[in-house]
2 protein chains.
Amino acid sequence: MSSPPVGRRERKKAATRQALADAALRLFLERGYDGVSIKDIAEAADVSTTTLFKHFSGKEALVFDRESEQEAALVAAVRDRPPGRSVPAALRDHLLDRRRVAEEPGFAAFSKLVDTTPALRDHADRTWMRYRTTLAAAIAADAGVPEDDPACHALAHFALQALSLARDAEDPVRALHAAFSLLENGWNATGPAT
Amino acid sequence: MSSPPVGRRERKKAATRQALADAALRLFLERGYDGVSIKDIAEAADVSTTTLFKHFSGKEALVFDRESEQEAALVAAVRDRPPGRSVPAALRDHLLDRRRVAEEPGFAAFSKLVDTTPALRDHADRTWMRYRTTLAAAIAADAGVPEDDPACHALAHFALQALSLARDAEDPVRALHAAFSLLENGWNATGPAT
DNA sequence: GTGAAAAAGTGCAACGAGTCAACTTTTTGT
DNA sequence: ACAAAAAGTTGACTCGTTGCACTTTTTCAC
């Protein structure tokens with residue numbers, strides 16, 4: 001009947017997935033990450049734990065359902081930056097923006113949940129750092145050097161790490177500025193060709 | 001009878017701990033980290049799993065028994081560096097040394113085990129990054145600024161991260177040099193006072 | 001259309017890591 | 001020497017996660 005993209009099956013699958021993610025987020029916010037078991041979430045969505053794991057790779061993944069446009073945004077921040085602006089400055093501004101939206105009313109509770117739960121914090125960090133290769137390639141393309149240039153990878157790695165550096169600081173914004181001041185000056189002096 | 005430091009009890013405790021660590025490392029090298037269960041290790045040392053967890057905080061900790069002079073070595077690398085050598089250069093040399101000893105025949109198998117097991121790699125990274133505060137304080141003391149100076153924390157964070165940056169690179173030594181070239185130039189231009 | 005085969009969804013039971021409350025042994029104060 | 005306290009040890013349990021078997025849906029040959 002509808003072989004294209006939307007079949008009845010796909011719809012039910014998406015609905016189940018959404019029900020699981022919604023139940024998980026609600027329960028986590030209510031009782032804390034460790035106060036909620038996989039069984040609780042599965043029962044709230046009226047499926048078995050096995051079915052839950054068919055939809056999500058693990059307990060942490062239940063929280064990070066709608067992500068992964070972040071990688072594209074990161075590349076865009078470099079590629080589409082205003083003329084005359086340096087790559088580190090563009091990345092710094094992008095991260096400052098990112099912090100700002102994380103503190104908006106709607107996201108504040110979510111952000112706090114992630115920041116205060118070690119398992120979620122670590123998972124978010126690991127996922128975030130996986131963008132390094134793509135970001136390094138974008139920086140290399142911008143500078144006109146081969147995409148495996150070590151200096152580009154170093155800048156990408158450090159720029160992404162600046163996020164967790166700022167999270168641990170008393171004054172995150174000041175920490176971000178200090179970190180990118182270091183990277184900016186280093187990048188200007190060193191350049192992609194080492 | 002022997003109330004000072006060495007009691008019969010302490011000796012037995014240390015012996016049990018050592019037997020566990022030895023059995024764990026031997027089995028991990030033989031069958032791989034995931035091929036060995038906590039039960040296997042406990043049985044090899046002839047204790048119960050609960051006793052094992054009284055001695056070690058988790059499965060990963062069984063591998064990292066003899067560590068934690070590393071933090072002191074890191075601080076010493078900054079404090080006792082040759083006159084005229086910059087802080088980033090001293091840290092770079094220290095990390096290059098560290099890599100060298102990790103490749104010595106006796107440690108090569110151990111290093112490979114850690115690098116190829118995600119759980120161990122992550123645990124080692126987390127432990128390593130905990131030295132950030134101490135290293136930042138050493139750098140700040142050296143530069144004569146308050147120990148919570150953001151630029152010092154940024155340098156410490158990035159210098160420590162250079163290790164995992166290098167591990168993921170095709171040419172780790174080249175990656176380390178590129179990373180520290182960035183940090184060296186940035187540090188010279190920016191300095192601790194931002 | 002119809003029936004079989006393949007694919008996807010689902011659940012029960014099991015495994016491994018880590019914790020808890022109770023029991024045993026060693027140490028300590030008198 | 002003896003009781004109280006401290007430390008060591010244990011089996012039973014919880015929770016996250018996976019493998020195997022079963023059911024339902026979709027696909028395809030006839």
Side-chain angles (χ1 to χ4, degrees), chain A residues 1-21 23-25 27-28 30-65 117-123 126, chain B residues 1-21 23-25 27-28 30-65 117-123 126:
Chain A
M1 303 307 169
S2 47
S3 49
V6 291
R8 195 170 320 159
R9 201 174 198 168
E10 324 263 324
R11 245 180 299 127
K12 284 196 76 174
K13 182 176 176 176
T16 301
R17 183 188 172 87
Q18 194 60 39
L20 283 165
L25 187 56
L27 291 173
F28 287 157
E30 275 175 24
R31 323 211 296 253
Y33 185 75
D34 294 326
V36 181
S37 76
I38 291 285
K39 194 158 164 279
D40 294 335
I41 300 166
E43 280 174 2
D46 202 38
V47 295
S48 72
T49 67
T50 311
T51 301
L52 185 152
F53 282 108
K54 287 280 184 181
H55 287 276
F56 296 93
S57 58
K59 193 179 179 184
E60 300 95 352
L62 282 159
V63 175
F64 300 108
D65 199 12
T117 307
L120 293 177
R121 230 197 34 184
D122 289 353
H123 187 270
R126 259 194 301 281
Chain B
M1 303 312 167
S2 47
S3 48
V6 290
R8 195 171 317 153
R9 201 174 199 168
E10 322 265 323
R11 245 179 300 129
K12 285 198 74 174
K13 182 175 176 176
T16 300
R17 184 189 171 85
Q18 195 59 39
L20 283 165
L25 187 55
L27 291 173
F28 286 159
E30 275 175 23
R31 324 211 295 254
Y33 185 76
D34 293 326
V36 181
S37 78
I38 290 284
K39 194 157 165 278
D40 294 334
I41 300 166
E43 279 173 4
D46 202 37
V47 294
S48 72
T49 67
T50 312
T51 300
L52 185 152
F53 282 110
K54 285 282 184 181
H55 287 276
F56 296 92
S57 59
K59 192 178 180 185
E60 301 94 351
L62 283 159
V63 175
F64 300 109
D65 200 12
T117 308
L120 292 178
R121 232 197 33 181
D122 289 352
H123 186 270
R126 259 194 300 281

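Heavy atoms only: backbone and side chains are in, while hydrogens, waters and symmetry mates are out. Model, not experiment: these values are computed from the prediction.
Atom CZ in A:Phe53 sits 8.0 Å away from atom CG in A:Leu62 (nearest 0.5 Å). The structure places CD1 of B:Ile38 at 5.0 Å from CD1 of B:Ile41, a figure rounded to the nearest 0.5 Å.
Look at CZ on B:Arg17: it is 17 Å from C1' on D:dT9, rounded to the nearest Å. We find that NZ of B:Lys59 is positioned 9 Å from P of C:dG16, with the value rounded to whole Å. One atom, CD1 of B:Ile41, and another, P of C:dG16, lie 12 Å apart when rounded to the nearest Å. Here C:dG9 presents its C1' atom at 14 Å from CG of A:Leu52, a figure rounded to the nearest Å. Distance, B:Asp34 CG to C:dG16 P: 12 Å, rounded to whole Å. The interatomic distance linking A:Ile38 (CD1) with C:dT10 (P) rounds to 16 Å, in whole Å. Rounded to whole angstrom, the span from the CZ atom of A:Phe53 across to the P atom of C:dA8 amounts to 21 Å. In this structure, the NZ atom of B:Lys39 is 19 Å from the P atom of C:dT19, given to the nearest Å.
Toward the 5′ end of DNA chain D lies the nearest nucleotide of A:Val36, the other residue of the pair A:Lys54 and A:Val36 mapping further downstream. The nearest heavy atom of DNA chain D to A:Tyr33 and to A:Thr50 marks one nucleotide each, and the one closer to the 5' end goes with A:Tyr33.
With D:dG11, D:dT18, C:dT10 as the choices, the nucleotide that has an atom nearest any side-chain atom of A:His55 turns out to be C:dT10. The B:Thr51 side chain lies nearest to D:dT10 when the options are D:dT10, C:dG11, C:dG18. For B:Ser37, whose side chain is taken as the heavy atoms from C-beta onward, the closest listed nucleotide among C:dG16, D:dT9, C:dG18 is C:dG16.
OP1 or OP2 of D:dG8 has not a single side-chain nitrogen or oxygen of B:Thr16 nearer than 4.0 Å.
Side-chain atoms of B:Asp40 come within 3.5 Å of backbone atoms of B:Ser37 as a donor-acceptor pair (strictly under, hydrogens ignored). A donor-acceptor contact shorter than 3.5 Å is absent between the side chain of B:Arg31 and the backbone of B:Val36.
Remark: A:Lys59 is positioned above the aromatic ring of A:Tyr33, its terminal NZ or CZ atom under 6.0 angstrom from the ring centre and at most 45 degrees off the axis.
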